[in-house]
Every structure is written in C-alpha cells, then in structure tokens.
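These notes are about the structure you will find just below.
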Amino acid sequence: MRLMLIAIGVLCSAGFAAFDAKPTKASDSPTVVAAAAPVYSMMAFQMKAHGDVIVEIKINSTGDVVSAAMVQGHELLRAPSVQAARRWKFEPAEGLDNRVVKLTFSFKAFYKGSKPEAEDTPVFYPPYKVEVSKSLATIDY
C-alpha cells in the first residue's frame with residue numbers, strides 16, 4: 001500500500017501526493033500527510049539554475065504550514081519552492097504550534113538527450129525531500 005501511494009506521488013505531475021505514514025508521537029518529526037512539488041520554470045531551466053533549495057517551514061497544531069522561507073538555494077528557484085512548501089500538510093499535534101521542519105527541493109536539469117523525457121516527474125523521498133527534473137526533450141518551442 002505504501003509503495004502504491006508513493007508511486008502515485010511520482011506520477012502526479014501536479015505535484016500533490018499522499019504518504020501512508022505511521023503515526024508518530026508529538027515529540028517526533030511531524031508526519032507528512034500531503035506534499036507538493038515545485039514547478040521547474042522554463043526561465044530557471046534556460047538559466048541553468050539547479051541544485052538543492054532548502055525551505056524552512058513552521059507548522060501549526062492542525063498540521064497546516066503557517067510560514068515558509070528559503071534558507072539556501074538558487075534565487076530563480078526560490079518562489080516555486082516556497083509556494084510548494086506552503087501546500088504541504090502534516091498530521092495534527094494538539095498543543096504543538098510552530099513545529100519547524102526543513103524541506104529540500106532538489107532541482108536537476110538534463111540537456112540534449114541525457115535523460116529520457118518520461119522521467120520528468122517529481123520524485124518524493126519521505127519524509128522531507130522532493131526531486132524535480134526537467135530535460136530538453138520535454139520543452140516545446
């Protein structure tokens with residue numbers, strides 16, 4: 001079941017996926033309920049912006065992200081990463097406001113047939129990492 005849900009997340013080009021995770025104690029790391037992948041914009045791809053973007057988020061007691069700020073990463077990848085981070089959802093934890101988590105969005109660019117176009121889908125690595133790639137083969141001019 002868990003493998004099937006992760007596979008759905010990989011195939012989900014809109015970037016929303018559900019994780020079948022075991023409940024954790026309030027003191028453990030927050031459990032992801034839904035995750036969103038950022039969009040690798042054409043401009044960022046053409047400017048060869050790539051690498052890891054780390055976004056620090058704060059989660060309220062109901063599991064919603066209340067703030068997101070980029071900690072490190074390429075400036076052209078900032079906005080889509082922060083927007084995606086704001087869409088994540090976590091298991092509620094009564095009485096625990098302002099839990100802090102760092103999400104990693106890894107952007108990879110492939111040029112001139114170095115990667116098959118079918119692989120241009122986000123890959124989710126629980127608990128807090130998403131790999132986003134774009135290849136030249138998928139670009140329409």
Side-chain angles (χ1 to χ4, degrees), residues 2-141:
R2 181 179 181 159
L3 208 51
M4 185 170 73
L5 288 174
I6 291 173
I8 291 169
V10 170
L11 296 174
C12 181
S13 62
F16 231 74
F19 292 101
D20 182 17
K22 295 178 185 174
T24 61
K25 295 181 241 171
S27 61
D28 291 344
S29 298
T31 301
V32 178
V33 173
V39 174
Y40 201 160
S41 73
M42 177 61 72
M43 181 178 169
F45 180 79
Q46 289 176 335
M47 298 295 292
K48 298 186 179 183
H50 64 279
D52 289 348
V53 175
I54 298 175
V55 177
E56 184 175 274
I57 61 172
K58 290 184 181 168
I59 308 159
N60 66 14
S61 62
T62 62
D64 296 322
V65 174
V66 293
S67 71
M70 186 175 86
V71 174
Q72 74 177 51
H74 196 286
E75 200 61 37
L76 288 176
L77 304 172
R78 175 186 183 165
S81 297
V82 169
Q83 288 171 355
R86 290 181 190 276
R87 294 175 47 205
W88 284 51
K89 301 288 182 197
F90 296 83
E91 278 194 359
E94 193 172 318
L96 289 179
D97 274 337
N98 295 323
R99 295 175 286 167
V100 177
V101 170
K102 289 185 180 176
L103 307 177
T104 302
F105 299 105
S106 185
F107 290 83
K108 297 185 177 191
F110 299 92
Y111 302 94
K112 289 272 183 186
S114 63
K115 182 179 178 197
E117 116 180 44
E119 294 181 26
D120 279 358
T121 55
V123 179
F124 295 83
Y125 296 100
Y128 307 130
K129 183 175 181 176
V130 179
E131 183 179 287
V132 182
S133 62
K134 185 181 278 291
S135 66
L136 190 61
T138 61
I139 298 174
D140 296 322
Y141 289 98

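Residues take their numbers from the sequence shown, with the count starting at 1.
Summarising the geometry, atom NE2 belonging to His50 is positioned 15.5 Å from atom NZ belonging to Lys134; distances are rounded to the nearest 0.5 Å. Going from atom OG of Ser135 over to atom CZ of Phe45 covers 6.5 Å, rounded to the nearest 0.5 Å. Distance check: Glu94 CD to Thr62 OG1 gives 11.5 Å after rounding to the nearest 0.5 Å. Rounding to the nearest 0.5 Å places OG of Ser61 at 7.5 Å from CZ of Arg99.
Tyr40 is linked by a ring-ring contact (aromatic ring centres under 6.0 Å, His included) to Phe107, counting only residues two or more places apart in sequence or in another chain. The salt bridge (charged side-chain N to carboxylate O under 4.0 Å, His left out) test applied to Asp64 returns Lys89, not counting sequence neighbours. Residues satisfying the side-chain contact (heavy atoms from CB on, under 4.5 Å) criterion with Ala84, sequence neighbours excluded, are Ala36, Pro38, Phe105. Scored by the side-chain contact (heavy atoms from CB on, under 4.5 Å) test, Val101 finds Pro30, Ile57, Ile59, Leu103, Tyr128 as partners (sequence neighbours excluded). By the salt bridge (charged side-chain N to carboxylate O under 4.0 Å, His left out) test, Glu75 is found to be paired with Arg78, residues two or more places apart in sequence or in another chain being considered.
A heavy-atom distance below 4.5 Å is found between the side chains of Phe90 and Val32.
Contact detail for Met70 and Gly73: the closest heavy-atom pair is CE-O, 3.5 Å. Minimum interatomic distance between Pro80 and Leu76 (heavy atoms only, all atoms of both residues): CD-O, 4.0 Å. Contact record, Arg86 with Ala68: NH2-O, 3.6 Å, taken as the closest heavy-atom pair. Nearest heavy-atom pair, Trp88 versus Pro127, reported as atom, atom and distance to 0.1 Å: CZ3-O, 3.7 Å.
Test Val39, Thr104, Val55, Val132 against Ser81 for side-chain contact (heavy atoms from CB on, under 4.5 Å) and you get one pass: Val55.
Pairs passing the salt bridge (charged side-chain N to carboxylate O under 4.0 Å, His left out) check and including a residue from residues 32-60, sequence neighbours excluded, do not occur.
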